[in-house]
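Scroll down for the structure; my scribbles are underneath it.
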Amino acid sequence: MTIPALAELREAVWAANQAIVRAGLVTLSFGNASGIDRESGLMLIKPSGLPYDELRPEDLVAVRLDDGGVVGSELRPSSDTPTHLVLYRAWPEIGGVVHTHSVAAAAWAQAGRPIPPLGTTHADHFHGAVPVTRRMRPSEIAGEYEAETGSLIVATLAGVGLSADEMPAALVASHGPFTWGRDAREASDNAIALEVVAAMAAQTFALDPATEPIASELLERHFRRKHGPTAYYGQGRR
Ligand SMILES: [Zn+2]
């Protein structure tokens with residue numbers, strides 16, 4: 001692959017795959033991170049079933065956004081590739097997608113419950129409750145299962161009236177979390193934040209099942225510190 005942008009993307013997507021392992025979000029080989037180069041229309045994603053500790057940047061598989069075809073690789077891309085492609089096609093503003101079976105977030109997915117915003121950790125990353133999809137129908141499970149999963153995520157976000165930027169995560173019922181962001185790094189950061197927020201919410205409800213969501217003013221203040229035209233948190237992008 002001689003496209004210069006792809007060499008940089010290869011390192012970034014590899015780093016995102018390592019980051020979710022380091023953060024303890026990956027059991028065995030469940031999980032995958034991808035990133036896309038919109039210019040060439042190529043997505044790089046983890047190969048299917050390859051142990052993370054053996055993964056090298058050059059192992060990442062390039063897949064065409066338009067038809068899912070593999071470009072220049074002997075390895076098969078992650079079996080979740082069609083889900084990633086559906087999200088990239090639906091939301092041109094995103095550049096990275098991460099999927100894990102991280103325990104706390106997957107627990108909310110298995111319970112079929114959205115994660116309500118209870119504090120500022122949540123509000124810093126997610127503009128409201130992290131939505132959960134409905135359970136998949138037998139026809140969806142029997143059909144193009146992975147692509148149907150992507151379509152269900154897109155429909156779920158539309159259903160709660162939030163953009164991919166406002167809500168960079170969704171829980172797939174009976175399955176686990178997907179997160180995304182402007183690039184692979186942001187998608188893995190959101191996966192890490194989601195896991196912490198899911199664990200905090202479960203512990204909060206264990207202490208007090210009647211806990212109310214964060215005040216809307218405080219949610220707005222924290223979300224807008226980091227997102228959109230009025231953001232002022234951190235040092236900007238370096
Ligand atoms: Zn999965």
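Small disclaimer: the values here were computed from a predicted structure and weren't measured.
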Can you tell me if CZ on Arg135 sees more than 12 non-hydrogen neighbours from other groups inside 6.0 Å? no
Can you get from Leu75 to Leu55 by hopping between Ile, Leu, Val, Met, Phe, Trp and Tyr side chains that sit under 4.5 Å apart? no
Given 3.5 Å as the limit, does a donor-acceptor pair link the side chain of Arg10 with the main chain of Pro57, or not? yes
Val63 side chain near Met43 side chain, heavy-atom distance below 4.5 Å: yes
Are Leu6 and Val70 joined in one hydrophobic group, where the rule is that I, L, V, M, F, W and Y side chains link up if heavy atoms are under 4.5 Å apart? no
Angle between ring planes, His101 versus His175, binned at 30° and 60°: parallel, tilted or perpendicular? perpendicular
So, does Asn17 use its side chain to make a donor-acceptor pair with the main chain of Val13 at under 3.5 Å? yes
What do the steps show when you test His84 against Thr81 for side-chain contact (heavy atoms from CB on, under 4.5 Å), and what is the final call? CA-CA 5 Å; His84 290 240; Thr81 294; 5.6 Å; no
Would a distance-only check, ignoring hydrogens and angles, find a side-chain to backbone donor-acceptor pair under 3.5 Å from Thr156 to Val132? no
Atom CZ of Phe205 with >12 non-hydrogen neighbours under 6.0 angstrom: yes
With a 6.0 Å cut-off (strictly less than), is the heavy-atom count around CZ of Arg89, excluding the residue itself, greater than 12? yes
Connected via hydrophobic side-chain network under 4.5 Å: Val130 and Trp180: yes
Please determine whether the number of non-hydrogen atoms from other residues, nucleotides or ligands lying under 6.0 Å from atom CD of Glu93 exceeds 12. yes
Using a 3.5 Å distance criterion without hydrogens, assess whether the side chain of Trp108 forms a donor-acceptor pair with backbone atoms of Ala198. yes
Can you tell me how far apart NE2 (His99) and OG1 (Thr83) are? Round to the nearest 0.5 Å. 7.5 Å
Donor-acceptor contact below 3.5 Å, side chain Glu140 vs main chain Arg137: yes
side-chain contact (heavy atoms from CB on, under 4.5 Å) evaluation trace for Tyr88 with Arg38: CA-CA 9 Å; Tyr88 286 120; Arg38 294 283 178 183; 3.6 Å; yes
If you take the centroid of each ring, where Trp contributes its six-membered ring, are His125 and His227 closer together than 6.0 Å? no
Can you tell me if Arg221 has over 12 outside heavy atoms packed within less than 6.0 Å of its CZ? no
For Glu195 and Ala105, indicate whether the former's side chain and the latter's backbone hold a donor-acceptor pair under 3.5 Å. yes
Is there a donor-acceptor contact under 3.5 Å from the side chain of Asp59 to the main chain of Arg56? yes
Under the criterion side-chain contact (heavy atoms from CB on, under 4.5 Å), I'd like the reasoning laid out for His122 against Ile115: C-alpha separation, chi angles, the key distance, then a yes or no. CA-CA 9 Å; His122 186 121; Ile115 307 174; 4.2 Å; yes
Test of understanding: clusters of I, L, V, M, F, W, Y form through side-chain heavy atoms closer than 4.5 Å, transitively. Do Ile94 and Val98 belong to the same one? no
Do Arg76 and Val61 come close enough that some side-chain heavy atom pair is under 4.5 Å? no
Could you go through Met167 and Val160, starting from their C-alpha distance and side-chain angles, then the distance that decides it, and tell me whether this counts as side-chain contact (heavy atoms from CB on, under 4.5 Å)? CA-CA 10 Å; Met167 184 49 63; Val160 294; 5.7 Å; no
Are Trp91 and Phe126 joined in one hydrophobic group, where the rule is that I, L, V, M, F, W and Y side chains link up if heavy atoms are under 4.5 Å apart? yes
Look up atom OG1 in Thr100 and atom CG in Leu194, then write down how far apart they are to the nearest 0.5 Å. 7.5 Å
Is there a donor in the side chain of Asn190 and an acceptor in the side chain of Thr179, or the other way round, less than 3.5 Å apart? no
Side-chain (Asp183) to main-chain (Gly95) donor-acceptor, under 3.5 angstrom: no
